[in-house]
Amino acid sequence: MSSAATTVPQSAPEPASAAPGVAQGAGPDARQSAGQGAAEASAAPAGITAGPEPETGTAAAGAAGPSGGVPASRKPAADYADYPLVPAPRPWRWVGTAVVALGVAAVAWSLATNPRWEWGVVAQWFTAQSVINGLVETLKLTAISGVLGFVLGFILALMRLSSSPLLLSVSWTFSWIFRSTPLLVQMLLWYNLGYLYEKISLGIPFTDVRFFEVQTTTLISQFAAAVLGLTLNQAAYSAEIIRGGILSVDQGQLEAAAALGIPAWRRSTRIVLPQAMRAILPNAFNEIIGLVKGTSIVYVLAYSELFYTVQVIYNRTQQVLPLLLVATLWYVVITSVLSVFQYYIERHYSKGAVRTLPLTPLQKARKFFATHAPVRSLR
Amino acid sequence: MSTATLAPPATRGLVEITKVRKSFGATEVLQGITLTVEPGGVTVIVGPSGSGKSTLLRTINHLEKVDGGFIAIDGELVGYRVRGNRLHELREKDILQQRTEIGMVFQNFNLFPHLTALENVAEAPVVAQRPGKPRPSKAEARERGLELLDRVGLKDRAGAYPRQLSGGQQQRVAIARALALDPKILLFDEPTSALDPELVNEVLDVIRELAKSGTTLIIVTHEMGFARDVADTVVFMDQGQIVEQGAPKDIFTNPQEERTRSFFSKVIEPAFNI
């Protein structure tokens with residue numbers, strides 16, 4: 001392999017027909033075309049083209065001597081197409097792979113063989129009706145607060161980008177307050193709103209006109225407090241994400257759309273948002289995945305979502321770790337499903353932003369097996 | 001709106017710019033520009049960078065609001081309406097309608113990267129309100145879009161996304177996109193400045209074709225050879241003012257002002273001695 005590689009540059013500068021003459025008759029023949037032949041000969045062993053005129057013919061002939069064997073391997077470049085390709089050796093990659101594989105195996109082994117994980121208990125509770133009910137509540141909280149949070153966040157982002165100083169500062173203050181206070185505190189505050197305001201009413205401010213009045217404690221149930229807390233908190237974060245996405249779209253895009261007379265709403269939905277989505281989506285999915293697990297904080301309101309449910313169960317059965325494992329596995333399942341969605345949605349919005357769409361995992365696998373055929377060549 | 005429809009066809013695309021001023025912070029970019037662009041003609045604006053050429057172009061379709069003076073197209077004010085003896089600012093909706101009669105081609109194309117070439121061309125006609133013209137259906141807009149792409153020689157790339165096209169091809173799609181609304185006036189803001197030299201001509205050829213079509217063209221460019229070829233009027237701007245204007249052969253061969261002469265002596269020679 002190595003000898004073949006070094007001959008490649010040599011064959012290029014010299015005409016192939018000149019090669020045998022130099023090789024066979026090192027002494028007298030070379031002298032016939034002293035300048036030319038010598039230049040070729042001195043070029044051959046080094047693999048580079050010759051410099052200026054060589055000093056003497058005899059010196060050049062001497063130099064040609066040791067390289068007598070080389071020309072035999074000179075072939076037209078096209079021939080190498082049939083040579084099998086040998087990948088470059090990468091020993092450290094193999095070492096790294098071995099170390100990591102060993103570590104993974106050790107963890108798997110301990111998970112499988114340590115009886116204290118109590119996999120039997122995990123399996124027994126994993127699909128129990130009460131756990132499934134809790135899971136449904138968790139999904140419900142995530143979906144409702146996620147959707148409401150992003151809708152409110154979108155409005156807040158538009159307010160923040162508006163040129164009205166009032167809208168701008170209200171939006172800023174909202175994000176400032178809800179990002180600066182712990183979610184736990186917000187949650188408890190909403191739940192105890194009845195202590196601060198006994199009744200909630202809808203009417204005309206600063207008058208006695210009331211259309212509608214209700215006891216705060218009946219309006220703010222555990223569910224309502226949970227949704228309220230999660231939504232407002234989510235809105236504060238998603239507003240920033242959406243704002244960042246909108247800002248990432250080139251100003252020229254808006255100008256071009258305006259110059260074409262495209263109406264404002266259409267400009268946002270058809271031109272700006274689809275491009276902003278590329279910047280919004282990775283962060284938005286981060287937030288949603290955070291929200292899935294964030295719902296577990298609702299346990300402080302004694303609301304029976306997934307995490308509170310397993311707590312209730314292990315307080316009764318004392319199988320703490322296996323039940324926490326049940327909840328954990330469900331969170332992993334939800335997150336994994338979301339990640340798959342994320343991949344395909346991001347792929348959808350990358351249309352036009354990349355020259356060719358990235359392959360789906362399935363396409364990648366197919367390509368892997370197609371290109372990792374046993375023997376490859378440069379044919 | 002009414003003045004535009006009543007005007008005889010011969011005055012389609014008359015642009016009157018009167019004492020237009022515009023400042024960015026402390027710098028006055030346009031210092032009282034007055035210029036009349038004849039309908040159907042080709043006006044090329046040249047001058048050193050920072051002379052206010054692009055800003056002037058952008059005030060014509062109200063992408064840039066003027067600080068003083070006014071601009072009228074076929075007698076209709078851009079961005080304002082006269083009622084009584086007051087100037088009322090137009091609402092966004094009305095400004096958008098005015099813009100549909102003024103196409104614009106940008107230096108860096110500004111094609112919508114997430115839409116195909118055809119979608120770029122067919123988008124605006126379907127959604128934009130145009131005075132006195134019905135909105136075409138999606139299918140009609142696509143058909144017309146294909147015609148326009150054909151006209152700029154890119155019918156076979158209709159399904160390609162802008163990033164899959166060369167710079168010259170992208171700019172030709174952008175020209176087709178501007179033509180899709182049948183504008184009276186086309187503004188070109190340095191259409192070849194972002195292109196590799198060997199791609200410049202394919203874009204200039206398309207503009208040359210358009211020059212014969214009777215649409216009013218206003219072109220800001222640094223291509224002096226092209227300006228001499230295609231222009232009816234050449235306007236030389238420097239430091240926010242029009243220094244000199246006239247027919248290309250007068251301006252290029254016999255400039256009256258010292259500033260014009262010194263500018264051309266720097267930029268023309270390489271273009272003309274080929």
Side-chain angles (χ1 to χ4, degrees), chain A residues 154 158-159 161-164 167 242 244-284 342-360 363, chain B residues 57-58 60-64 91-117 119-131 133 135 159-165 173-174 177-183 185-187 189 194:
Chain A
F154 180 62
L158 292 185
M159 284 168 69
L161 292 169
S162 111
S163 40
S164 152
L167 294 184
I242 293 169
I246 292 174
L247 287 180
S248 76
V249 178
D250 184 47
Q251 181 69 21
Q253 292 291 308
L254 272 177
E255 280 186 358
L260 285 165
I262 297 174
W265 177 250
R266 181 84 178 171
R267 224 149 55 208
S268 311
T269 55
R270 172 79 162 160
I271 306 299
V272 176
L273 272 184
Q275 296 184 59
M277 281 306 236
R278 268 178 63 69
I280 292 174
L281 279 173
N283 293 323
Q342 176 178 8
Y343 179 84
Y344 282 95
I345 294 177
E346 278 180 16
R347 189 170 181 274
H348 171 80
Y349 279 105
S350 69
K351 250 194 302 184
V354 286
R355 280 220 174 81
T356 48
L357 273 185
L359 298 176
T360 64
Q363 290 168 329
Chain B
L57 207 63
R58 292 158 58 85
I60 295 175
N61 68 353
H62 212 61
L63 276 184
E64 219 70 79
R91 282 175 308 170
E92 155 105 7
K93 201 178 123 224
D94 299 320
I95 293 174
L96 288 176
Q97 278 210 19
Q98 286 190 331
R99 286 200 185 121
T100 60
E101 310 204 295
I102 312 165
M104 179 142 187
V105 175
F106 297 86
Q107 180 176 349
N108 32 8
F109 329 135
N110 287 340
L111 287 179
F112 307 131
H114 60 301
L115 304 181
T116 63
E119 285 168 341
N120 264 282
V121 178
E123 170 69 18
V126 181
V127 295
Q129 280 274 11
R130 288 187 284 170
K133 288 175 203 158
R135 277 189 239 186
Y161 287 96
R163 287 215 172 88
Q164 297 165 331
L165 300 172
V173 173
R177 181 175 73 170
L179 286 174
L181 293 166
D182 296 315
I185 299 158
L186 268 176
L187 310 175
D189 187 5

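To find a chain, count down the sequence lines: A is the first, B the second, and so on, and within it residues start at 1. Because the structure is predicted, anything quoted here is derived from the model rather than measured.
- In this structure, Ala128(B) and Gly261(A) approach most closely via the heavy-atom pair CB-O, 3.4 Å.
- Here the side chain of Asn61(B) pairs no donor or acceptor atom with the backbone of Ala259(A) at under 3.5 angstrom.
- For Arg163(B), there are no salt bridge (Lys or Arg N to Asp or Glu O under 4.0 Å) partners two or more places apart in sequence or in a different chain.
- In terms of non-hydrogen atom pairs under 4.5 Å with chain A, the most contact-rich of Thr116(B), Leu115(B), Asn110(B) is Asn110(B).
- Heavy-atom contacts from other residues, nucleotides or ligands closer than 6.0 Å to NZ of Lys93(B) number 12 or fewer.
- Only the side chain of Phe106(B) comes within contact range of chain A, judged by heavy atoms closer than 4.5 Å.
- Between Arg99(B) and Ala258(A), the shortest heavy-atom distance links the atoms CD-O, 3.1 Å.
- Within the 4.5 angstrom heavy-atom criterion, only backbone atoms of Ile102(B) (N, CA, C, O) approach chain A.
- One distance of note links CG of Leu260(A) with CD of Glu123(B); it measures 9.0 Å at 0.5 Å rounding.
- Put simply, CG on Asn120(B) and CD1 on Ile271(A) are 7.5 Å apart, with the number rounded to the nearest 0.5 Å.
- At least one side-chain heavy atom of Pro113(B) sits less than 4.5 Å from a side-chain heavy atom of Gln275(A).
- Judged as a salt bridge (charged side-chain N to carboxylate O under 4.0 Å, His left out), the pairs with a partner in residues 248-257 of chain A (not counting sequence neighbours) are, in order, Glu255(A)-Arg58(B).
- Among all heavy-atom pairs drawn from Arg270(A) and His114(B), the shortest one is O-NE2, 2.7 Å.
- The backbone N or O of Leu111(B) lies less than 3.5 Å from a partner atom in the side chain of Gln253(A), making a donor-acceptor pair.
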